[in-house]
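Here the structure comes first, spelled out in structure tokens, and everything after it is commentary.
Every heavy atom of this structure was used, including side-chain atoms; hydrogens, water molecules and symmetry mates were not.
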Amino acid sequence: MSDFEAHGEILECVAPRLLVYTWIANWHDRPEQTTVVRWQLTSAAGGTRVKVTHSGLTGLDVARTDYSGGWSGVMEMLKRFAEKQ
């Protein structure tokens, strides 16, 4: 495997507060297993609280470990992007 690939389908969208989608990634222990990512935004003092939940990772030990650091990195990049705007 040389390229990372992920795709999915939007399950729920309540703009601008909620986005839920399936996530199928070729680097998972079992690439055919669908997982679900949920982004929820709520008002907070001085800004917005962003909560990301990635479910369906039972049995995907390597992916679960990778995502524990991966989503933190995504959140940091999102924060830097938003601060520039």
Side-chain angles (χ1 to χ4, degrees):
M1 173 176 58
S2 60
D3 294 324
F4 293 112
E5 181 181 317
H7 62 276
E9 178 179 309
I10 294 174
L11 300 175
E12 186 176 0
C13 181
V14 182
R17 301 286 177 217
L18 178 68
L19 177 62
V20 183
Y21 53 89
T22 59
W23 180 263
I24 303 167
N26 69 347
W27 63 89
H28 284 180
D29 310 48
R30 294 193 315 264
E32 71 285 353
Q33 183 170 331
T34 299
T35 61
V36 176
V37 179
R38 175 186 180 95
W39 292 76
Q40 187 169 3
L41 283 65
T42 54
S43 295
T48 302
R49 179 175 184 256
V50 179
K51 180 179 179 182
V52 179
T53 306
H54 193 159
S55 60
L57 293 167
T58 301
L60 299 174
D61 297 336
V62 173
R64 191 173 51 252
T65 299
D66 289 347
Y67 285 123
S68 68
W71 285 118
S72 299
V74 169
M75 294 305 296
E76 184 58 37
M77 287 185 284
L78 181 60
K79 179 179 181 252
R80 284 194 307 258
F81 175 80
E83 288 172 344
K84 288 180 183 178
Q85 301 306 310

Cluster question for you: counting only ILVMFWY and a side-chain heavy-atom cut-off of under 4.5 Å, with indirect links fine, are Val37 and Ile10 together?
yes
*Val50-Val36 co-clustered via ILVMFWY side chain contacts under 4.5 Å*: no
| message | Distance alone, cut at 3.5 Å: any donor-acceptor contact between the side chains of His54 and Trp71? | response | yes
Review point. Given side chains that start at C-beta, do those of Glu12 and Leu19 come closer than 4.5 Å, heavy atoms only?
Key: no
Applying side chain to side chain contact (heavy atoms under 4.5 Å, CB included) to Ser72 and not counting sequence neighbours gives none
**Prompt:** In terms of hydrophobic clustering (I, L, V, M, F, W, Y; side-chain heavy atoms under 4.5 Å; direct or indirect links), are Ile24 and Val20 co-clustered?
**Reply:** no
_Determine whether a donor-acceptor pair (N or O, by modelled atom type, separation under 3.5 Å) exists between the side chain of Gln33 and the backbone of Gly56._
yes
(request) May I ask whether Trp23 and Leu60 are part of the same hydrophobic cluster, defined by side-chain heavy atoms of I, L, V, M, F, W, Y residues being less than 4.5 angstrom apart, directly or through others? (result) yes
- Asn26 side chain vs Asp3 backbone, donor-acceptor pair below 3.5 Å: yes
> Would His28 and Tyr67 count as a close aromatic pair, with their ring centres under 6.0 Å?
Replying inline: yes
One should read off an interatomic distance between Arg38 CZ and Leu18 CG, to the nearest 0.5 angstrom, of 4.5 Å
Q) If we only count heavy atoms from C-beta on, is the Trp39 to Leu78 side-chain gap below 4.5 Å? A) yes
Joint cluster assignment, Val52 & Val74, ILVMFWY side-chain distance < 4.5 Å:
yes
field: Sub-4.5 Å side-chain heavy-atom contact between Arg64 and Asp66
entry: no
All heavy atoms of Asp29 vs all of Val62, minimum pair found to be OD2-N, 3.2 Å
Contacts of Thr22 meeting side chain to side chain contact (heavy atoms under 4.5 Å, CB included) (sequence neighbours excluded), chain-then-number -> Glu9, Leu11, Thr34
- Message: Does Lys51 form a side-chain contact (heavy atoms from CB on, under 4.5 Å) with Thr42? I'd like the steps, not just the answer.
- Response: CA-CA 8 Å; Lys51 180 179 179 182; Thr42 54; over 6 Å; no
